[in-house]
Amino acid sequence: MRGGSSRPERHGTPDGQSPRVVAIDGPAGAGKSTLARSIAEHLGLERLDTGAMYRAVAYSALVKGIDLDDGPAVAEVARGIELHVGERVTVDGKDATDVIRTPEVDAAVSVVAANPEVRAEMVSRQRAWIAGRGGGVVEGRDIGTVVLPDAALKVYLTASPDERAHRRALERKGYDLPAIAKALALRDQLDSTRASSPLPSPDDVADDAVVIDSTGRDADEVLEEVLEWL
Ligand code: CDP
């Protein structure tokens with residue numbers, strides 16, 4: 001783990017230039033999307049939300065009535081899905097921005113994301129996305145460790161379970177806090193214990209990642225800290 005005391009090494013970025021590839025990992029509700037959006041804007045790069053990709057596969061499998069425990073069938077969905085992930089998300093040509101963020105998809109996505117064939121397909125699309133642009137800000141669970149291990153800047157963003165649940169409850173108006181907290185805890189557990197590219201704990205992240213705990217801090221403060229590392 002890299003603390004806040006020294007300047008991060010850059011990988012493949014000439015001195016004096018802004019990094020072209022930024023990886024942001026961390027558990028659900030840590031504020032990754034907000035941070036990724038601000039960094040992307042600051043550096044003039046595009047942002048890729050890889051969680052939306054796994055959500056889209058889970059959504060599509062649910063709509064098709066596929067048993068999520070049928071690994072090969074779910075992998076088939078992943079390989080065949082036509083996916084566009086930007087500020088809006090389209091799945092097979094239809095807008096799916098909101099439908100991939102329902103409690104049903106929340107409950108299904110970690111099982112789908114634990115499928116190694118699904119991951120292989122998504123990781124290959126994520127690397128192609130970066131290669132096609134020469135850079136970008138990519139957020140997820142395994143970006144700095146597996147997808148883009150040479151990223152110039154790797155951030156591991158976390159916050160206390162309580163705060164993450166509160167933030168998610170604010171985003172998802174109408175859902176009660178205890179249910180959200182329970183769903184987040186279950187997803188954290190599944191994501192960090194799966195065999196294939198698990199989410200590391202903050203004490204166990206890549207040596208070259210900056211760990212930022214955003215508990216009690218607003219988005220601007222977190223952005224300011226990250227900008228110091230650029
Ligand atoms: O937005 P939130 O923090 O709730 O999660 P997300 O980033 O949308 O990711 C949804 C789910 O996709 C996670 O709980 C993981 O199961 C999976 N995921 C993953 O396995 N690997 C990634 N790179 C991104 C997401």
Side-chain angles (χ1 to χ4, degrees), residues 21-37 47-62 68 74-75 77-78 81 83 85-87 89 91 96-127 129-130 136-149 151 154-161 163-172 175 179-200 205-206 209 214 219:
V21 180
V22 178
I24 303 177
D25 291 305
K32 298 185 297 292
S33 292
T34 306
L35 179 63
R37 213 174 267 123
R47 169 182 83 100
L48 179 63
D49 174 0
T50 63
M53 299 173 73
Y54 291 98
R55 287 175 174 278
V57 176
Y59 166 74
S60 187
L62 288 174
L68 300 183
V74 177
V77 173
I81 196 168
L83 196 49
V85 175
E87 277 310 315
V89 176
V91 172
T97 313
D98 298 324
V99 290
I100 60 166
R101 298 188 191 283
T102 59
E104 290 74 22
V105 174
D106 284 345
V109 67
S110 292
V111 174
V112 167
N115 180 323
E117 285 185 82
V118 170
R119 300 204 72 80
E121 175 64 26
M122 293 301 121
V123 168
S124 135
R125 292 188 190 205
Q126 289 153 16
R127 289 181 179 148
W129 183 94
I130 275 283
V137 180
V138 185
E139 54 166 300
R141 302 289 186 288
D142 59 343
I143 308 306
T145 48
V146 174
V147 181
L148 303 167
K154 299 178 187 180
V155 177
Y156 183 99
L157 186 64
T158 188
S160 71
E163 178 139 347
R164 293 190 285 114
H166 273 96
R167 287 182 191 162
R168 190 45 55 93
L170 283 176
E171 280 168 21
R172 304 265 176 94
Y175 294 105
I180 287 183
K182 202 170 154 198
L184 277 194
L186 178 62
R187 203 140 57 83
D188 283 353
Q189 203 238 332
L190 291 170
D191 290 344
S192 55
T193 56
R194 69 183 178 217
S196 187
S197 310
L199 170 74
V205 297
S214 68

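We count ligands from 1, going down the list as the structure has it; atoms in each ligand are counted the same way. Fair warning: this is a prediction, and the values are worked out from it, not measured in the lab. Numbers here simply count residues along the sequence, with the first being 1.
With atom 15 (C) of ligand 1 as the reference point, the heavy atom nearest to it among D49, D191, V123 is part of D191. Distances from atom 2 (P) of ligand 1 to the heavy atoms of R172, Q126, R168 put R168 nearest.
Across all non-hydrogen atoms, the minimal contact from V123 to Y54 is CG2-OH, 4.3 Å.
Judged by the shortest distance from any of its heavy atoms, M122 lies outside the 4.0 Å radius around the atoms of ligand 1.
Side chain of T50 to backbone of E139: a donor-acceptor contact under 3.5 angstrom is found. Using a distance-only test at 3.5 Å, with no hydrogens or angles considered, a donor-acceptor pair links the side chain of K32 to the main chain of P27. One N or O on the side chain of R167 and one on the backbone of A30 form a donor-acceptor pair closer than 3.5 Å. Formation of a donor-acceptor pair under 3.5 Å by the R164 side chain with backbone atoms of A28 is found in this model. Between the side chain of K154 and the backbone N or O of T145, no donor-acceptor pair lies under 3.5 Å. Checking side-chain atoms of S196 against main-chain N and O of A114 turns up no donor-acceptor pair under 3.5 Å. Listed for the R55 side chain is a donor-acceptor partner under 3.5 Å among the backbone atoms of I100. Under the 3.5 Å distance criterion, the side-chain polar atoms of T193 are matched with a main-chain donor or acceptor of Q189. Distance alone, capped at 3.5 Å, is enough to place a donor-acceptor pair between the Y156 side chain and the P200 backbone.
Against a heavy-atom cut-off of under 4.0 Å, R119 is close to the following atoms of ligand 1: 19 (C), 20 (O), 21 (N), 22 (C). Listed by number with element, the atoms of ligand 1 under 4.0 Å from a non-hydrogen atom of V109 are 11 (C), 12 (O). With ligand atoms numbered from 1 in the order given, ligand 1 contributes 3 (O) to contacts under 4.0 Å with heavy atoms of G29. Interface of A113 with ligand 1, defined as ligand atoms under 4.0 Å from a residue heavy atom, comprises 16 (O), 17 (C), 20 (O). Near Y54, meaning under 4.0 Å from one of its heavy atoms, ligand 1 places the atoms 12 (O), 18 (N), 19 (C), 21 (N), 22 (C), 23 (N), 24 (C), 25 (C). Close approach to S110 involves these atoms of ligand 1, each under 4.0 Å from a residue heavy atom: 14 (O), 16 (O). The ligand atoms of ligand 1 that sit less than 4.0 angstrom from a heavy atom of K32 are 3 (O). The contact set between ligand 1 and T50, taken as ligand atoms under 4.0 Å from a residue heavy atom, comprises 22 (C), 23 (N), 24 (C).
The protein non-hydrogen atom at the shortest distance from atom 7 (O) of ligand 1 is R141 NH1, 3.1 Å. Closest to atom 10 (C) of ligand 1, if we only count protein heavy atoms, is R187 NH1, 3.5 Å. Among all protein heavy atoms, the one lying closest to atom 8 (O) of ligand 1 is R55 NE, 2.7 Å. With hydrogens left out, the protein atom closest to atom 25 (C) of ligand 1 is G51 CA, 3.5 Å, a heavy atom. For atom 3 (O) of ligand 1, the closest non-hydrogen atom on the protein side is A28 CA, 3.1 Å.
Counting heavy atoms under 4.0 Å from ligand 1, residue R164 does not touch it at all.
If you take CD1 on I143 and OG on S197, they are separated by 9.5 Å, rounding to the nearest 0.5 Å.
Ligand 1 has an N or O atom lying under 3.5 Å from an N or O atom of D142, backbone or side chain.
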